[in-house]
Amino acid sequence: MPLTRSEERRQNGHYRWSTHTPGSKVVEDFRRRLKYFFMNPCEKYRARGRKPWKLMLQILKIAIITIQLVSFGLSNEMMVTFKDENLMTFRHLFLKGYKDHRQGNYALYTKADVYDHIHYIINTYINLQNMTVGNLAYERTDGEFTPLSVCQEFYKNCSIDPENETFDIDPHVDKDCISIYPEQSFNNSSLATHLNFSLDFKRLLSVNIYLTLKTINLQTVRHHELPDCYDFHIMIMFDNRAHSGKIKVDVENDVTIYECRDWNVTGTSGKNDYLLLWFDSVVILACFTSLILCTRSVINGIQLQFEFTVFFHVYYKKIVTWSDRMEFVNGWYILIIVSDTLTIAGSALKIGIQTKFLTNYDVCSILLGTATMLVWVGVIRYLGFFKKYNILILTLRAAFPNVIRFCCCAAMIYLGYCFCGWIVLGPYHDKFRTLDRVTECLFSLINGDDMYATFLKMRDKGYMVWLFSRLYLYSFISLFIYMVLSLFIALITDTYETIKHHQQDKVPVSELQAFIAECRDQPESGRYQTDEKPASCCLSPCCCFG
């Protein structure tokens with residue numbers, strides 16, 4: 001026969017349970033079981049004497065994952081530095097008169113300059129090994145040097161007469177390429193004759209020069225790592241797509257990293273590489289163990305949630321709310337599962353990089369970096385065991401749904417300002433030239449960055465544009481800084497005060513917490529030593545109704 005109960009609801013919305021039959025063993029055992037489930041590891045140790053293996057494993061993970069990230073970060077830093085410095089070297093070698101221009105500002109304005117720069121690049125490529133101070137070499141394929149390729153893209157047919165305001169154009173694009181081999185030798189005057197390379201600037205879209213150079217990153221030897229061999233696939237672009245009289249010139253490179261064919265470093269046995277591989281294997285094993293333990297805990301929580309739902313339906317004829325059901329799903333375990341998955345994938349990629357089978361440095365960096373960030377964010381969970389820290393964590397969790405809804409509403413206004421600023425102020429202001437720049441500029445303004453410079457840039461524009469820019473910027477700054485941000489802060493502050501009040505009064509804020517609060521057994525009482533399997537059996541519908 002189901003138990004009778006009375007549920008009293010306070011005027012402030014809190015819950016308090018009183019049971020007319022407090023001696024019911026099934027209810028008390030299940031209430032005690034729920035209380036044990038929501039205990040922290042220290043309380044569970046005092047209750048049943050079980051050592052907190054999961055907690056100790058997480059602390060170990062924080063240490064080894066951080067060490068792994070630092071090791072990979074130092075190696076990755078050397079690789080990135082080597083790539084960036086070589087790119088700067090290529091710009092100084094192949095761009096005539098390059099003086100560390102800001103990217104996109106190196107440009108040509110006359111036909112003679114374009115021809116002169118193309119010839120300069122070819123001559124530099126042919127005489128590269130006599131000029132450079134680096135360890136650069138040409139690429140060979142099947143015993144032959146890979147040539148430098150000069151390719152121009154142009155409209156198939158184009159007749160333009162600005163004087164008479166007429167044009168006739170076929171927008172289909174043709175491509176024409178010539179190849180120059182390193183062993184060829186000629187001076188600048190004979191080069192133009194030999195190449196037979198001419199440009200029709202009225203039809204010209206771009207000139208792209210492709211070349212491949214090889215080198216070895218020797219700086220890793222000082223850090224007890226084997227040097228890698230690099231292939232730099234360089235592309236020098238002469239961009240004339242705007243046909244504005246300005247041909248922008250830039251250098252880009254794509255890098256292939258692989259293990260050198262034959263190497264010998266005196267006094268090095270490769271022992272450090274084996275230690276790193278062993279350490280990465282330990283990280284994978286620790287994360288895999290953590291993944292299994294946390295997955296098991298999540299599954300146990302979901303099972304207990306179903307049992308609690310059935311229990312309430314059978315004993316109290318009540319439907320458990322969604323918020324109460326979600327309390328059984330530990331978000332910290334989900335965070336750890338995601339972190340472990342990313343760490344295992346990143347460590348596997350790192351092993352592939354160290355053994356030179358893979359070169360996905362960027363993907364590996366994203367995986368390991370995100371995993372380490374989540375691991376350190378997970379440390380907040382352990383701070384939650386202390387009352388003064390726990391209030392901050394509870395505030396973040398309680399405010400999160402309202403913050404998301406508030407941000408969705410504010411985003412509509414923000415996007416409206418973005419589109420308006422892009423279409424109106426874009427032609428007159430660099431910060432509003434593209435949509436992504438607009439979003440970055442407005443976000444900076446919300447945080448009080450670079451306000452005066454944004455206003456100053458519009459001072460010398462037409463009166464209509466100047467007036468609109470003032471109305472636009474003043475209204476945006478006033479709306480978001482004085483209203484939206486203030487409401488955002490007030491939303492979190494109000495949640496903090498509510499949680500603080502609940503903790504001071506020790507009043508449960510949900511039916512689940514009110515039900516568990518009726519259990520007065522302390523962890524040291526010894527009442528948690530009983531086996532929980534029989535209790536779970538009695539919660540099945542057939543057993544209860546039987």
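Please read these numbers as outputs of a predicted model, since none were measured by experiment.
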Next item on the list: Could you please spell out the steps behind the side chain to side chain contact (heavy atoms under 4.5 Å, CB included) verdict for K83 and N217?
Entry: CA-CA 9 Å; K83 287 170 57 177; N217 185 4; over 6 Å; no
Any chance the side chains of [X] and [Y] put a donor and an acceptor closer than 3.5 Å?
{"X": "Q58", "Y": "S290", "answer": "yes"}
{"X": "T110", "Y": "D113", "answer": "yes"}
{"X": "N135", "Y": "T215", "answer": "no"}
{"X": "T434", "Y": "D436", "answer": "yes"}

Keeping the roles fixed (side chain from [X], backbone from [Y]), state whether a donor-acceptor pair exists under 3.5 Å.
{"X": "S75", "Y": "S71", "answer": "no"}
{"X": "T132", "Y": "L128", "answer": "no"}
{"X": "T495", "Y": "L491", "answer": "yes"}
{"X": "N330", "Y": "W332", "answer": "yes"}
{"X": "N240", "Y": "L204", "answer": "yes"}
{"X": "Y115", "Y": "L199", "answer": "yes"}
{"X": "T89", "Y": "E85", "answer": "yes"}

Next item on the list: Take Y155 and H172, measure what side chain to side chain contact (heavy atoms under 4.5 Å, CB included) needs, and give me the verdict at the end.
Entry: CA-CA 6 Å; Y155 289 125; H172 293 90; over 6 Å; no
Next item on the list: Only one of N208, L205, I118 passes side-chain contact (heavy atoms from CB on, under 4.5 Å) with F238; say which it is.
Entry: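 By the side-chain contact (heavy atoms from CB on, under 4.5 Å) criterion, F238 pairs with just one of N208, L205, I118: I118.
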Is any side-chain heavy atom of [X] less than 4.5 Å from a side-chain heavy atom of [Y]?
{"X": "F419", "Y": "L415", "result": "yes"}
{"X": "V329", "Y": "Q305", "result": "yes"}
{"X": "L442", "Y": "L445", "result": "yes"}
{"X": "L368", "Y": "K350", "result": "yes"}
{"X": "T439", "Y": "F443", "result": "no"}
{"X": "F288", "Y": "D340", "result": "no"}
{"X": "I353", "Y": "C364", "result": "yes"}
{"X": "D250", "Y": "D239", "result": "no"}

Notebook entry, point to check: Parallel, tilted or perpendicular: which fits the ring planes of F232 and F90, with parallel below 30° and perpendicular above 60°?
Noted result: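 Correct class here is perpendicular.
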How far does [atom1] of [X] sit from [atom2] of [Y], to the nearest 0.5 angstrom?
{"X": "I247", "Y": "L108", "atom1": "CD1", "atom2": "CG", "answer": "6.5 Å"}
{"X": "T341", "Y": "L374", "atom1": "OG1", "atom2": "CG", "answer": "10.5 Å"}
{"X": "I234", "Y": "L211", "atom1": "CD1", "atom2": "CG", "answer": "4.5 Å"}
{"X": "L479", "Y": "I446", "atom1": "CG", "atom2": "CD1", "answer": "9.0 Å"}
{"X": "T343", "Y": "L367", "atom1": "OG1", "atom2": "CG", "answer": "9.0 Å"}
{"X": "F476", "Y": "Y414", "atom1": "CZ", "atom2": "OH", "answer": "5.5 Å"}

Closest heavy-atom contact between [X] and [Y]?
{"X": "S365", "Y": "F72", "result": "OG-CE2, 3.3 Å"}
{"X": "S347", "Y": "D280", "result": "CB-O, 4.4 Å"}
{"X": "M79", "Y": "N76", "result": "CE-OD1, 2.9 Å"}
{"X": "Y120", "Y": "L95", "result": "CE2-C, 4.2 Å"}
{"X": "P427", "Y": "R433", "result": "O-NH2, 4.2 Å"}
{"X": "I337", "Y": "C294", "result": "CG1-CB, 3.9 Å"}

Check: For K175 and Q152, what are the C-alpha separation, side-chain angles and deciding distance, and is it a side chain to side chain contact (heavy atoms under 4.5 Å, CB included)?
Finding: CA-CA 6 Å; K175 186 175 182 179; Q152 59 169 316; over 6 Å; no
Note to self: Using the ring centroid of each side chain, check whether Y417 and Y472 are separated by less than 6.0 Å.
What the structure shows: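 Distance test on ring centres: under 6.0 Å, yes.
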Notebook entry, point to check: Are the aromatic rings of H429 and F432 close, with centres under 6.0 Å apart?
Noted result: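 H429 vs F432: aromatic centres under 6.0 Å.
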Item checked: salt_bridge(E153, R241) N-O dist < 4.0 Å ->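 The answer is yes: the pair qualifies as a salt bridge.
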[X] [atom1]: over 12 foreign heavy atoms closer than 6.0 Å:
{"X": "M412", "atom1": "CE", "value": "yes"}
{"X": "F201", "atom1": "CZ", "value": "yes"}
{"X": "W422", "atom1": "CH2", "value": "no"}
{"X": "M88", "atom1": "CE", "value": "yes"}

Item checked: Residues that F82 engages under ring-ring contact (aromatic ring centres under 6.0 Å, His included), provided they are two or more places apart -> Y230
Checklist line | side chain to side chain contact (heavy atoms under 4.5 Å, CB included) between S469 and V424, intermediate numbers included | finding: CA-CA 9 Å; S469 69; V424 178; over 6 Å; no
Next item on the list: Report the C-alpha distance between D174 and R203 in whole Å, list the side-chain angles of each, state the deciding distance to 0.1 Å, and finish with yes or no for salt bridge (Lys or Arg N to Asp or Glu O under 4.0 Å).
Entry: CA-CA 10 Å; D174 284 344; R203 295 191 296 156; 5.7 Å; no
Notebook entry, point to check: Out of K96, R91, H117, which residue meets the side chain to side chain donor-acceptor pair (under 3.5 Å) rule with Y106?
Noted result: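 Answer to the side chain to side chain donor-acceptor pair (under 3.5 Å) test with Y106 among K96, R91, H117: H117.
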